[in-house]
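A, B, ... follow the sequence lines: proteins, then strands. Residue 1 opens every chain. Values below: all heavy atoms of this structure, side chains included; hydrogens, waters and symmetry mates excluded.
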Protein chains: 2
Amino acid sequence: MPSPAVSSRDLPHPASGEIRLEDVLHALSDPMRLRIVRELAGAQGELSCSHFDLPVTKSTTTHHFRVLRESGVIRQAYRGTAKMNGLRRGDLDELFPGLLDALLHAAARQAARLGG
Amino acid sequence: MPSPAVSSRDLPHPASGEIRLEDVLHALSDPMRLRIVRELAGAQGELSCSHFDLPVTKSTTTHHFRVLRESGVIRQAYRGTAKMNGLRRGDLDELFPGLLDALLHAAARQAARLGG
DNA sequence: CGACTCGTACGATAGGCATCGTAGTACGGT
DNA sequence: ACCGTACTACGATGCCTATCGTACGAGTCG
């Protein structure tokens with residue numbers, strides 16, 4: 001069966017229309033999650049959770065990815081043992097035009113300014 | 001003395017260079033504070049705290065204004081018994097070009113979409 | 001001075017959340 | 001069947017925070 005159904009377990013995502021600005025801002029107000037999103041935006045396509053080398057335990061990493069998914073910032077899907085993550089650029093750009101780019105730009109500027 | 005010194009009590013504000021994106025996002029991730037900022041952006045100039053009619057007590061209102069000030073989003077100054085509030089547009093636009101407008105636009109869009 | 005308004009300070013409370021550790025599940029390969 | 005890797009679930013912990021109520025300080029006006 002070569003069809004979809006990438007995996008048996010699937011994950012709850014908010015529909016595009018259910019994404020709330022406050023939730024997105026809250027999700028991005030955590031340094032760890034902002035870092036994840038920046039890395040995700042830099043890489044074209046999807047990245048597995050294990051690709052990220054964060055200074056927290058894996059439990060905590062799982063938590064952050066879930067917050068990002070439930071707020072509508074990223075989309076997650078299992079692929080084998082890996083869990084792939086991708087930015088929901090299309091949905092976000094449609095809902096909040098220019099916001100994601102402004103945020104990423106702002107984050108990059110601040111990182112450059114503070115020597116990150 | 002016609003100089004500054006609008007009042008005796010003055011309030012601590014972060015310098016422009018101390019404003020952190022994460023703090024700004026956290027400040028704006030609260031519905032009450034986002035509402036305040038939108039109203040402040042709509043009105044040109046400054047507004048007193050008492051101008052706002054929020055569904056919370058005055059204690060809580062004070063709290064929200066302090067969070068906004070300490071994150072660098074607004075500037076506050078006493079003028080007589082009133083406390084005036086103004087968006088720090090210049091500082092924010094310089095640090096994070098386009099971000100404030102994108103945020104305000106996004107908030108307006110969402111309010112329109114959800115019937116706010 | 002007194003009364004009134006505007007806003008603050010402080011304590012309490014209840015809920016949220018970032019973090020950890022441990023134990024467990026799902027999948028792929030040998 | 002077994003093992004290793006990737007991620008999760010759950011409970012605990014300590015901190016942060018949104019909210020309230022009450023009591024107070026600062027300023028204005030009579």
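The stretch residues 47-71 of chain B touches DNA chain D through V56(B), T57(B), S59(B), T60(B), H63(B), H64(B), each having a heavy atom within less than 4.0 Å of the strand.
At dA6(D), none of the side-chain N or O atoms of R79(A) fall inside 4.0 Å of OP1 or OP2 (strictly under the cut-off). Y78(A) has no side-chain polar atom (N or O) that falls below the 4.0 Å cut-off from OP1 or OP2 of dA6(D).
Nearest to the side-chain atoms of D30(A) among the listed nucleotides dT8(C), dA18(C), dC7(D) stands dA18(C). Taking the side chain of T81(B) as heavy atoms from C-beta on, and the options dT28(D), dA6(D), dA18(C), the nearest nucleotide is dT28(D).
Note: CG (D10(B)) to P (dG7(C)) measures 17 Å, nearest angstrom. Summarising the geometry, the separation between CD on E46(B) and P on dG7(C) is reported as 13 Å, rounded to the nearest angstrom. Protein atom CE of M32(B) is 10 Å distant from nucleotide atom P of dA18(D), rounded to whole Å. Atom NZ of K83(B) and atom P of dG27(D) are 13 Å apart (whole Å). Rounded to a whole Å, the CD1 atom of I36(A) is 12 Å from the C1' atom of dA18(C).
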List the steps, then state whether salt bridge (Lys or Arg N to Asp or Glu O under 4.0 Å) holds for E46(A) with R79(A). CA-CA 11 Å; E46(A) 301 182 324; R79(A) 192 159 313 164; 3.0 Å; yes
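Two residues are said to be in side-chain contact when any heavy atoms from C-beta on lie closer than 4.5 Å; Q110(B) and F96(A) meet this criterion. Here the side chains of L54(B) and I36(B) are in contact, with some heavy-atom distance below 4.5 Å.
Note on D91(B) versus R88(B): salt bridge recorded, some NZ/NE/NH1/NH2 to OD/OE distance being below 4.0 Å.
Of the listed residues (R75(A), H51(A), Q76(A)), just one forms a side-chain hydrogen bond (donor to acceptor under 3.5 Å, both in side chains) with N85(A), and that residue is Q76(A).
In this structure, a donor-acceptor pair under 3.5 Å is absent between the side chains of T62(B) and S59(B).
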